[in-house]
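Single-structure report; data block below.
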There are 2 protein chains.
Amino acid sequence: MTDTARGTSRRYGSRPTMKDVAARAGVGLKTVSRVVNGEPGVTPDTERRVQDAITALGFRRNDSARILRKGRTASIGLVLEDLADPFYGPLNRAVEEVARDHGALLINGSSAEDPAREQELVLALCARRVDGLVIIPAADDHRYLEPEIAAGVATVFVDRPAGRIEADTVLSDSFGGARDAVAHLIAHGHRRIGFLGDQPRIHTAAERLRGYRSAMAAAGLPVDEAWVSLGSTAPDRVRFAATAMLDGPRPVTALFAGNNRVTVTAVRVLAERPRPVALVGFDDFELADLISPAITVVAQDAARLGRTAATMLFRRLDGTDGPPRREEIPTRLIPRGSGELPPPADS
Amino acid sequence: MTDTARGTSRRYGSRPTMKDVAARAGVGLKTVSRVVNGEPGVTPDTERRVQDAITALGFRRNDSARILRKGRTASIGLVLEDLADPFYGPLNRAVEEVARDHGALLINGSSAEDPAREQELVLALCARRVDGLVIIPAADDHRYLEPEIAAGVATVFVDRPAGRIEADTVLSDSFGGARDAVAHLIAHGHRRIGFLGDQPRIHTAAERLRGYRSAMAAAGLPVDEAWVSLGSTAPDRVRFAATAMLDGPRPVTALFAGNNRVTVTAVRVLAERPRPVALVGFDDFELADLISPAITVVAQDAARLGRTAATMLFRRLDGTDGPPRREEIPTRLIPRGSGELPPPADS
DNA sequence: CTGAAAGCGCTTACAG
DNA sequence: CTGAAAGCGCTTACAG
């Protein structure tokens with residue numbers, strides 16, 4: 001009886017619609033819509049009949065259809081470098097929480113640090129008509145987003161700035177954090193300090209290098225270019241670069257590692273060496289305090305980066321106008337031991 | 001001129017549609033659809049006119065509308081406990097990669113270990129008509145999913161089994177891994193071994209406890225119930241429980257920690273104590289080898305869990321029928337030092 | 001309080 | 001090769 005009322009529509013994979021519910025309850029489509037959406041103007045009796053039909057048929061409103069009609073999709077996209085990178089976990093979670101507070105779902109994906117893949121993913125999200133985007137960019141040219149932004153897709157860049165367009169941005173203070181880290185090493189007596197950084201086309205890597213140079217210059221210390229190595233964070237490359245600095249003609253007595261992955265490899269390299277070398281790493285990581293010596297770091301507040309970006313996004317969606325904004329999140333130096341090691345007496 | 005052709009539809013926030021493109025190119029709607037979807041049967045000249053209109057208007061196909069008509073949404077949902085937990089990062093990424101290979105987007109969210117929130121999130125995803133779901137369950141009753149599964153939503157549970165329904169499932173071998181860990185400690189001379197586990201209603205926690213008991217029994221060792229503590233993974237609770245076992249009337253000489261968060265706290269507790277205590281942790285974690293002593297772990301292959309689950313999901317979507325399947329992913333004991341410490345001579 | 005008609009932006013099935 | 005009509009499952013605007 002139930003099935004017949006809906007014709008053949010009970011076959012596996014198909015779902016009842018409001019039309020089916022209306023037919024079963026013996027009411028109009030709009031009345032079902034009213035009940036489903038809790039709108040007023042339905043008698044208790046009618047409402048109950050509709051509710052019964054909903055339960056009997058296992059109806060669940062198709063939000064895709066609703067979205068098509070309403071305009072807003074109540075979903076936002078988050079594009080980051082790698083969902084598996086622990087640094088982005090708290091950021092991801094923070095964006096999710098803000099989205100949830102605004103009743104939105106979160107679609108996310110990894111760019112794998114590939115500009116083409118970033119663009120493909122971002123445009124796929126735009127085709128799905130996400131209301132907004134939070135992007136940790138891999139590309140350095142985002143002009144491809146201009147038509148989308150003009151069409152109303154709110155966009156906020158986090159962790160790294162947008163390339164060749166003006167957009168809302170939330171960044172950590174990479175320059176200041178790096179400067180503080182190197183100044184800290186200098187204050188502990190170091191004069192030859194190595195910088196192990198990420199690829200120079202990445203904004204944060206460039207900023208951290210700038211902070212390194214600024215601190216060295218402020219202390220009147222010359223920088224031997226053999227002490228600066230930027231490139232992939234692949235362990236082999238970092239290991240090679242660190243070893244070259246430590247065993248070169250003018251060996252460094254301290255290392256500043258430009259991000260968490262570099263720090264991890266640096267820790268491994270230093271653990272194998274007979275004499276201690278000072279180390280400060282950009283980015284905090286779990287158990288940094290349990291390694292011996294405990295690792296001094298410049299900590300970023302990844303959750304706050306995400307929260308700030310998502311909040312900015314929803315503010316735009318709520319109608320806040322005005323020119324693109326840039327917010328900077330401070331970093332914090334956490335001394336734990338490795339950054340307070342003195343240079344060797346004979347250096 | 002361009003704007004006039006589309007009437008007022010160029011206002012901020014609105015987007016051109018195929019109808020707009022058709023009008024501008026002077027062709028029918030269906031011809032635009034053909035060009036946009038690369039279907040055959042369009043003369044090069046017509047195609048060029050349509051392409052020009054697309055470019056001029058900044059048209060991007062609305063995939064939400066397309067989805068409504070086509071049935072499949074080309075998106076899947078992933079519900080896990082906490083996007084910020086590093087254990088789930090590789091799983092998340094693996095699911096994303098498989099989804100991407102199948103042209104699907106990934107919507108994900110955290111249940112925060114709250115059954116109500118899991119259900120709310122899962123049903124929201126069903127309302128969006130995701131094609132399938134990968135769920136790391138927080139709830140222990142999933143009958144709420146029965147109508148959805150009957151309606152064709154493919155569902156795979158990972159890391160923990162579904163509650164009170166039959167469903168495809170991918171699990172790590174928690175029992176075997178725990179048994180191996182405890183047997184390893186026994187082989188190194190321990191007879192009084194503590195188990196620090198997660199909440200007993202979590203399946204993996206129960207399985208690991210079962211593995212602990214099995215290994216003790218197999219070696220003919222009695223278990224003092226003061227050596228078993230299950231509960232929240234909050235550091236304070238774990239610290240309290242570990243301390244009680246270590247300082248009790250029959251002090252343990254070794255600890256088996258039931259997951260990564262427990263292990264981290266256990267490491268901290270042991271680092272503060274004068275004499276070494278053996279430790280094996282379930283779940284590997286970064287830098288476990290750099291702590292002193294390096295931490296012996298039972299490693300799960302989280303990426304493989306995710307890959308297997310997502311592959312199973314798309315196989316169902318591709319039409320594979322048959323009863324629910326269960327796959328078990330082996331674990332691997334990695335001796336690094338902490339699990340090979342002998343008991344104290346006077347024990 | 002209730003419902004029929006039109007429309008969101010596409011695709012499907014069909015006819016020329 | 002091309003396009004008009006119907007429909008996916010909802011909501012909006014309106015009329016009774």
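In what follows, chains are A, B, ... by sequence order, proteins preceding strands, each numbered from 1. All values reported here derive from a predicted model rather than from experimental measurement.
- Crowding of B:Arg201 atom CZ: a count of heavy atoms from other residues, nucleotides or ligands under 6.0 Å exceeding 12.
- Using a 4.0 Å cut-off between a side-chain N of Lys or Arg and a carboxylate O of Asp or Glu, A:Arg100 and A:Glu96 do not qualify as a salt bridge.
- In this structure, B:Thr31 reaches the D:dG3 phosphate: one of its side-chain N or O atoms is under 4.0 Å from OP1 or OP2.
- A:Val27 comes within 4.0 angstrom of sugar-phosphate atoms only, judged by non-hydrogen atoms across all strands, and of no base.
- At a threshold of 4.0 angstrom between heavy atoms, the contacts of B:Arg61 are confined to the sugar-phosphate backbone, with no base atom among them.
- Nearest nucleotide to the A:Val42 side chain, out of D:dA13, C:dT2, C:dG9: C:dT2.
- Contact between the side-chain N/O atoms of B:Thr43 and the OP1/OP2 oxygens of D:dT2 is found at a separation under 4.0 Å.
- At the heavy-atom level, A:Asp63 lies nowhere under 4.0 Å from the strands shown.
- Rounded to whole Å, atom P of C:dC1 lies 11 Å from atom CD of A:Glu47.
- With rounding to whole Å, B:Arg128 atom CZ is found 14 Å from D:dC10 atom P.
- Between A:Lys19 and D:dC10, a side-chain N or O to OP1/OP2 separation shorter than 4.0 Å is absent.
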> Stepwise, does the side chain to side chain contact (heavy atoms under 4.5 Å, CB included) test hold for A:Met18 with A:Arg61?
Replying inline: CA-CA 8 Å; A:Met18 282 192 181; A:Arg61 183 182 65 198; 4.3 Å; yes
>> Applying side chain to side chain contact (heavy atoms under 4.5 Å, CB included) to A:Leu123 and A:Leu121, what does each step give before you reach the verdict?
In response: CA-CA 5 Å; A:Leu123 292 181; A:Leu121 189 53; over 6 Å; no
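- A 3.5 Å limit on both hydrogen-bonding distances identifies C:dA15 as the Watson-Crick or G-U partner of D:dT2.
- With DNA chain D read from its 5' end, the first of the two nearest nucleotides for A:Glu39 and B:Gly28 is the one closest to B:Gly28.
- Residue B:Arg66 places no side-chain atom within donor-acceptor reach of the base of C:dG9, judged by atom type and a 3.5 Å distance cut-off alone.
- Straight-line distance from the CG atom of A:Leu68 to the P atom of D:dT12: 12 Å, rounded to whole Å.
- For D:dC8, neither phosphate oxygen OP1 nor OP2 lies less than 4.0 angstrom from any side-chain nitrogen or oxygen of A:Asn62.
- Atom CD1 of A:Ile67 and atom P of D:dC10 are 12 Å apart (whole Å).
- B:Thr46 comes within 4.0 angstrom of the backbone, heavy atoms only, and of no base.
- Counting to the nearest Å, the C1' atom of D:dC1 and the CG atom of B:Asp45 are 12 Å from each other.
- Nearest-nucleotide assignment on DNA chain D puts the 5′-proximal partner with B:Gly26, out of B:Gly26 and B:Arg69.
- B:Thr155 contributes atom OG1, which lies 10.5 Å from atom CG of B:Leu125 (distance to the nearest 0.5 angstrom).
- Around atom CD of B:Glu166, no more than 12 heavy atoms belonging to other residues, nucleotides or ligands sit under 6.0 Å away.
- Put simply, B:Lys70 has no side-chain N or O that comes within less than 4.0 Å of OP1 or OP2 on C:dC10.
- Side-chain to base pairing of B:Arg34 with D:dG3: one donor and one acceptor N or O lie within less than 3.5 Å of each other.
- Note: CZ (B:Arg48) to P (D:dC1) measures 17 Å, nearest angstrom.
- Taking atom CE on A:Met18 and atom C1' on D:dG7, their separation rounds to 17 Å, with Å as the unit.
- Counting to the nearest Å, the C1' atom of D:dG7 and the CG atom of B:Leu29 are 13 Å from each other.
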